[in-house]
Amino acid sequence: MTATFSTTAVSKATVSASGMRAGRLFRRDTGLSCMVAFDRTLLAGPVEHAIDARRTCEAIVSSRPDAVLLSPGVLKSCRDLFADSRSPRIVLRIDYPMVGDFTLAGEEHHRMIATPAQAQAMGADAVVMCLISGYDDPRREADNLEAVAEAAHQCEVIGLPLIVEAVVWGSREGGRLDAERIARVARIGAELGADLIKAQFTGSPEDMQALAQSCPVPVLVLGGAAMNDDAALARFTRDALDNGARGVIFGRNAWQRESVTQGIERLVGIVHKYGSK
Ligand SMILES: O=C[C@H](O)COP(=O)(O)O
């Protein structure tokens with residue numbers, strides 16, 4: 001149910017199948033993971049630097065991150081790029097957290113777009129689902145929570161890791177990145193059965209420490225809108241890793257740039273060089 005690949009949490013003999021597979025998302029020598037989220041076009045349609053999804057995906061894969069988050073359609077059209085032994089692991093988004101305009105935070109109607117078993121059959125090594133805190137209508141939050149719980153049960157049955165993207169986002173959160181609210185929804189995601197959490201980072205070292213300490217499974221930090229500032233991105237990444245994050249899962253900050261390969265190779269270097277220190 002939880003991240004049983006942690007050597008301190010359970011005996012190695014009792015590691016679950018999902019825990020074993022979750023462990024494969026991390027590099028053995030650094031214990032960290034540098035993932036690229038390339039599912040933005042599922043959520044927002046064609047966006048700059050991702051008009052030709054295959055071309056961008058090719059550049060991402062050739063930069064050798066540890067895993068790539070994809071939509072079912074992009075996976076279907078790019079599967080061959082993941083077919084050698086050095087390929088990144090595949091993480092599949094199996095939900096669609098909003099309907100209509102991407103900017104309608106709090107108005108979403110959460111929907112599943114694949115089951116964990118379907119994702120596994122498509123080649124996924126792990127799946128991602130959102131758990132959004134702050135829907136305007138609490139019934140939507142309840143539906144979202146129920147879907148995550150159901151996916152966690154199904155993942156447990158087939159031994160597939162579940163990454164919960166636990167975010168404070170809805171209108172009831174008032175657009176604030178409140179550290180306690182972030183830690184709350186991350187903890188709920190873990191309690192529902194996530195193997196890993198994809199979470200927001202406020203930028204404060206203390207907030208990151210509190211989040212990592214209160215979340216019983218590894219936390220990966222998400223990136224959000226492109227900063228267009230490599231030095232700031234490097235600082236953000238190091239501040240997260242220095243204070244308990246076990247990796248990053250960046251989308252636009254990884255690939256929405258002139259040279260996708262250069263940007264991601266740099267990011268992989270930052271994450272794993274840090275881990276080797
Ligand atoms: O959550 C959405 C996607 O994974 C996109 O990632 P991003 O916000 O880092 O661009």
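Atoms within each ligand, like the ligands themselves, are counted from 1 in listed order.
Of all the atoms in ligand 1, the ones that sit under 4.0 Å from a non-hydrogen atom of Glu165 are 1 (O), 2 (C). Each of the following atoms of ligand 1 lies closer than 4.0 Å to a heavy atom of Asp39: 3 (C), 4 (O), 5 (C). For ligand 1 and Ala37, the ligand atoms under 4.0 Å from any heavy atom of the residue are 4 (O), 6 (O).
For the pair Ile264/Val36, a side-chain contact is recorded, criterion being any heavy-atom separation below 4.5 Å from C-beta on. Side-chain contact between Gln256 and Glu48 is present, with at least one heavy-atom pair separated by less than 4.5 Å.
Arg187 contributes a side-chain N or O that, together with a main-chain N or O of Ser214, makes up a donor-acceptor pair within less than 3.5 Å.
Residue contacts with ligand 1 do not include Leu222, since none of its heavy atoms lies under 4.0 Å from the ligand. At a 4.0 Å cut-off, at least one heavy atom of Lys198 sits close enough to ligand 1 to count as contact.
Using cut-offs of 30° and 60° on the angle between ring planes, the pair Phe236 and Phe201 is tilted.
Under the side-chain contact (heavy atoms from CB on, under 4.5 Å) criterion, Glu265 pairs with Ser63, Thr261, not counting sequence neighbours. Remark: Asp80 pairs with Arg54 by the salt bridge (Lys or Arg N to Asp or Glu O under 4.0 Å) rule, at least two apart or across chains.
When non-hydrogen atoms are compared, ligand 1 lies under 4.0 Å from the side chain of Leu43 (C-beta onward) but not from its backbone.
On a distance-only criterion, Gly251 and ligand 1 share at least one N/O pair closer than 3.5 Å.
Of the candidates Arg252, Gln200, Arg93, Gln256, Arg252 brings a heavy atom nearest to atom 7 (P) of ligand 1.
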